[in-house]
Amino acid sequence: MNDSPGWATPGSSPSDGERPGTDGGAQQPTAPPAQPEQPAGDPKWSAEQPPPGQWSSPGQSPEAPQAQPQPQPQPAAGWGQQPTGPYAGQNGPQYGYPGGPGQWGQPPAAKPGVIPLRPLGLGEILDGAVATMRTHWRSVLPITLVVATLVQVISVILQKFMLDDLVVATSEDVSAEEMIDTLGSTFAASAVVQFIQVLGTIVVTAMLTMVFSRAVLGQNSSVSDAWHDARPQLLRLIGLTLLLAVGAILLGAVLILPGVLAGSIGLGIVGGLVWLPLLVWLGIKFSLASPALMLEKSTVLKAFARSSKLVKDTWWRIFGITLLTSVLAFFISMMIVAPFQFFGIFAFGGGLEAMEAGSDMGNWGMLILPAIGLIIAQTIVMPFQSGVTVLLYVDQRIRREGLDLELARAAGLENYGTTGG
């Protein structure tokens, strides 16, 4: 994959009036073959013969007029160009919207890997992510399974001690100082759990980005290859993630704290209502920073700038695809985790009554069973979400910068784009 972003355009399309395989001029009708001379006095030849060029097809009446040849449609224009011919200028470029007037559908595109090398639709992005998980499972499964297992093991151990502290804090003979200490330690343990989960997600994202980038080219990638490719940029990816988190917290503090400090609940609520949509807007604006950082080998600030440039004018499309991906991931996780959760409650937690009373919440069985469900869910969900993000990045670069040419050359298609295909 070419690390230097830039604009590229495939080969030019045929000009007006031309057809593939001609010299540019209008096609001249082929002269009819010369009528064979009739042998004089030969009884096998009829005295009346049809005029030259008026031979009818088998099964057609000789008197029927010959059908006029239908004009052929103009070949589709190359990616990144305006089409030529009689349909030029109708609703912009003609690819990607089959069925409209003068629109001939998507031109044929090479598909060396999991996606065709052209602008992608929603279904192709989702299918590409699933196809990579299915085809390259030997690389995807170990990465997500190992990281998810480590994260959940550490989380279960920390939650065990955290829930034990909560049980002590809810007893009646605990002083205020002990309760404050308990709540402080609980908050610290929760922060450690969240940090470990974020760190595991970063490692998975970095390695899976490399797996998906090779899957686009139709190349296999082992776990060691993915780690070797991702390791040089791993610290920068951690810095990018932390910078996003700190920026979100500071933005919320600027918008909400003034109202809280002034004692105005309404002003604080207004600040929160402004903070949430602004947070979503910035999250989508910088959603492609991670693959830009990893695949372009850039710095953190350049990755933010690249993401902002690629998302520009397509914010709503990327927002819709990201939202749909998150909803699908949520429901998949719930369907996997919920049975383990309920089984743990009824088998080890004493049922719903014990859960409402808050007893036995630190039971090992109630902690381990949901963790197993989370391991399975994260093994499926994390590569799916990472794959959609990477393919969104590739799709935006194909649309804006002609990355399909560089991908085709990297896949070994040397003449791709030079003849309109």
Between Leu255 and the options Leu267, Leu273, Val274, the side-chain contact (heavy atoms from CB on, under 4.5 Å) test singles out Val274

Are more than 12 heavy atoms, taken from residues, nucleotides or ligands other than Leu261, located less than 6.0 Å from that residue's CG atom?
yes

Are the side chains of Thr132 and Trp137 in contact, using a 4.5 Å heavy-atom criterion?
no

Side chains of Thr144 and Gln378 in contact at under 4.5 Å (non-hydrogen atoms)
no

Within the structure provided, determine whether Ile196 and Leu150 are in side-chain contact (heavy-atom separation under 4.5 Å).
no

If only atom types and distance count, is the side chain of Trp315 paired as donor or acceptor with the main-chain N or O of Trp281 below 3.5 Å?
yes

Ser386 and its side-chain contact (heavy atoms from CB on, under 4.5 Å) partner, picked from Val381, Leu208, Thr209
Leu208

When you compare the side chains of Thr314 and Gln396, does any donor N or O come within less than 3.5 Å of an acceptor on the partner?
yes

Is Glu296 salt-bridged to Lys309, cutoff N-O under 4.0 Å?
no

Within a strict 4.5 Å, meaning less than it, do heavy atoms of the Leu251 and Leu282 side chains meet?
yes

Minimal heavy-atom distance between Met382 and Val204, with the atoms involved, is CE-CG2, 4.0 Å

Could you walk me through whether Phe340 and Ile376 pass the side chain to side chain contact (heavy atoms under 4.5 Å, CB included) check?
CA-CA 11 Å; Phe340 289 91; Ile376 299 174; 3.9 Å; yes

At what distance, to the nearest 0.5 angstrom, does CG of Leu240 lie from OG of Ser298?
8.5 Å

Ignoring hydrogens and geometry, is there a side-chain-to-backbone donor-acceptor pair from Ser264 to Val260 under 3.5 Å?
no

